[in-house]
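Data block below; observations after.
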Amino acid sequence: MQRLFIDSVSKSFANRKVLSSVFLNCEIGEVVGLLGRNGSGKSTLLKIIFGSVKADFKYLNIDNKIYDKGYLSKNLCYLPQDNFIPNRVTVAVAIEAFCKIHKEKLLQIPFVSDNLGKRFRDFSGGECRFLEALIIIYSDADFILLDEPFSQLAPLLIEELKRHVNDLKLFKGFIITDHYYKTILDVSDRIVLLHNGCNYEINNNNDLVLHGYLPNLNG
Amino acid sequence: MSVSLLKKSISVYKPIFVWNILVSLLASAFFILNGFKAPAIYSFALFLKLTGWLFSIAIYYMFYQKTIYYFKNQGIGFRKIMINLILYDLIVFTAILILSLICRDFLSIALANLLQIEKY
């Protein structure tokens, strides 16, 4: 079984322990939702898995191989919070660079096929975000890390992005984090909450209240 | 050394590549004017090249750090890109030097005349 597995993740920033012995796993065909308050270490954990932030300690295993940096496996793609495709690159060039296996499916999306010749600087912030998210979702990697993919997107585009994640779930494993927690609950097969530097498996909304992620409206 | 990586990196880091070619042209001008027999001059020219590469890294960190994920998502790290760029730049620099050595008489007269015109 192909899977991504990270264990014993510890990370501190200026004497503040953000992650303490955190573990997370994701298999092909699964969407893992990662929730947590601001500053709980969600993005840091994704960056540690990808390899752009160095952990104090970690054990990362992708498809039964140990990696120091996840991106070196060439089987992991990460959508950061900010735009990452250079402005002068065209949609067609970006698709050529990332999506060879699922290119045909991606080109069936009208917004993509109608704008192939356009450069990323020609799109609005939300359109850029949508396109980047699509390119990462349809990339050749087996494991996809999405950091706030739904931010800046109109509700209609959020629904469309959810549909694409569900379509590609057969071939890939997704780890998604966002503050739109209802969207995350909808799209995920499993929810993990980061709180006080530790990870908790979440089964229902009451667990989110219990761990202080949602307010207790019943007093 | 990878041609496809060079193509990819030039499409994003064109200004860095152009900067290195300009430094190579400046360094070769020293060679042309003072010949290959003056060690102090070509040491300075090589020092210029080294400084040029350091500036390339500085330009990257100042203007292009946001593009880090574009390449990392393709499994390519910063070190690999820079080493590839520098190796190809060395080839370009060597080609410029060989050309300037072959056409040295012509280039030295042309450069000397150019400098004289600027003087007056």
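Each chain gets a letter, A, B and so on, in the order the sequences are listed, and its residues count up from 1.
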Donor-acceptor pairs between chain A and chain B under 3.5 Å, which ones?
{"from": "A/Ser52", "atom 1": "OG", "to": "B/Tyr69", "atom 2": "OH", "distance (Å)": "2.9"}
{"from": "A/Tyr78", "atom 1": "N", "to": "B/Asn73", "atom 2": "OD1", "distance (Å)": "2.7"}
{"from": "A/Tyr78", "atom 1": "O", "to": "B/Asn73", "atom 2": "ND2", "distance (Å)": "2.9"}

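- Heavy-atom neighbours of A/Phe5 CZ from other residues, nucleotides or ligands within 6.0 Å: above the threshold of 12.
- Under a cut-off of 6.0 angstrom, the local environment of CZ in A/Phe111 is crowded, with over 12 non-hydrogen atoms contributed by other residues, nucleotides or ligands.
- Only the side chain of A/Ile136 comes within contact range of chain B, with heavy atoms under 4.5 Å apart.
- No other option in A/Cys77, A/Gly51, A/Ala141, A/Gly70 has as many heavy-atom pairs under 4.5 Å with chain B as A/Cys77.
- The environment of B/Ile91 atom CD1 is dense: over 12 non-hydrogen atoms of other residues, nucleotides or ligands sit within 6.0 angstrom.
- The contact between B/Ile76 and chain A is made entirely by backbone atoms, counting heavy-atom distances below 4.5 Å.
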